[in-house]
> 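Before we start, here is the structure in question, set down as structure tokens.
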Amino acid sequence: MNTPQITLYGCAPAFDLPDPSPFVTKTEVQLQMAHLPYRKVFAIPPEAPKGKLPYIDDDGEVVCDSTFIRAHLERKYALDLDAGLDTRQRAEAWAVERLLEDHLYWAMVWFRWVDPDNFARGPAHFVDRAPEESRQQLRENMQAAKRNELHAHGLGRHSREQIAELGTRSIDALATLLGERDHLFGDRPHAVDAIGFGVLAAVLTPFFDSPLRTAAERHPNLVAYVARMMHVYYPAHAWRQSLAA
């Protein structure tokens, strides 16, 4: 088999994270799990074919969305990132993935983008290179667009306290499911651990303060899980030291 020529389009490091998007992190970690060589290129969502990151170019074949990227890689390279899991465990892994991507992720997004202090500290700086006279309007437009996404999702229709309550329930559930295991389904990582790591790292980053971070920090097993994954997949990233402390 020829050496794959895979280009991963993702974000630049930000918010004390290797990538601010849990979905880019998911795909990058799964590429490493699959032992597939790749190069990562900085991109912004408007440049992506579907307006979202990540996407890959696999020797001329463009694939969008982290879930379809995984399916493509497993099909083309005869991989199974859930090897060793039985039928029930695979179903449970899909359910956990949906909890992470369709619920906890959006709670994290609310506290990153709508909370005024966190927005000013983080996402507001995405337009720092724009002409000074247009920056404030761009920031207002970005935040309004994210509010609209959250409202359409449904989570954004709730109060700050209610969003924190719902997100905390998902965090507590994940801590219970992980238990004393190293990974969500045993002593080695499977595909779902890529997004588990991506979302929980985004919640736990010391860059932002939020009730979700406080909730996650109450579970030493979740903190250790993120530190363990960071050490394996991003060994040069400075944050792993603070997590392991």
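Basis for what follows: all heavy atoms, side chains included, without hydrogens, waters or symmetry-related copies.
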> Verify the cluster assignment for L53 and V62: are they in a single hydrophobic cluster under the rule of side-chain heavy atoms below 4.5 Å apart?
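In one cluster with L53: V62, yes.
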> Tell me if a side-chain donor or acceptor on H190 pairs with a main-chain N or O of A83 at a distance below 3.5 Å.
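Yes; judged by distance alone, with no hydrogens or angles, the pair exists.
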> Is R213 salt-bridged to D209, going by a charged N under 4.0 Å from an acidic O?
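So R213 pairs with D209 through a salt bridge.
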> Checking E28 against Y38: is there a side-chain donor and acceptor pair closer than 3.5 Å?
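Yes.
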> Pick from R70, K76, H72: which one makes a side chain to side chain donor-acceptor pair (under 3.5 Å) with E74?
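Single pass found, and it is R70.
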> Between M108 and P22, is any pair of side-chain heavy atoms under 4.5 Å apart?
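Sidechains of P22 and M108: in contact.
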> Only distances under 3.5 Å count here; give the side-chain donor-acceptor pairs of residues 145-152 to other protein atoms, sequence neighbours excluded, each with its distance to 0.1 Å.
residue: N148; atom: ND2; partner: A144; partner atom: O; Å: 3.4

> Is it the case that one hydrophobic cluster holds both F42 and F126, taking links as side-chain heavy atoms less than 4.5 Å apart, direct or via other members?
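No, F42 and F126 fall in different hydrophobic clusters.
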> Taking the ring of F197 and the ring of Y225, is the distance between their centroids below 6.0 Å?
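Centroid distance Y225-F197: not below 6.0 Å, so no.
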> Could you pull out all residues at least two apart from D172 that satisfy salt bridge (charged side-chain N to carboxylate O under 4.0 Å, His left out)?
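With neighbours one apart ignored, the set is empty.
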> Distance under 6.0 Å and angle within 45° of the ring axis: does R112 meet both against F15?
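Checked: cation-pi criterion not met.
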> Going by side chain to side chain contact (heavy atoms under 4.5 Å, CB included), name the residues that satisfy it together with T7, two or more places apart in sequence or in a different chain.
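Counting only residues at least two positions away or on another chain, T7 forms a side chain to side chain contact (heavy atoms under 4.5 Å, CB included) with Y9, R39, V41, D57.
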> Hydrophobic clustering (ILVMFWY, side-chain heavy atoms < 4.5 Å, transitive) - are I69 and W94 grouped together?
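Result: no, two separate clusters.
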> Please determine if D193 and R228 form a salt bridge, counting it only when a charged side-chain N lies under 4.0 Å from a carboxylate O.
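Salt bridge absent between D193 and R228.
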> Does a salt bridge link K26 with E97, judged by any charged N lying under 4.0 Å from a carboxylate O?
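Salt bridge flag = yes for E97 with K26.
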> Are the side chain of D86 and the backbone N or O of Q89 linked by a donor-acceptor pair below 3.5 Å?
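At least one qualifying donor-acceptor pair exists.
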> Do the charged groups of R160 and D115 touch, with an N to O distance under 4.0 Å?
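Looking at R160 and D115, the cut-off is met.
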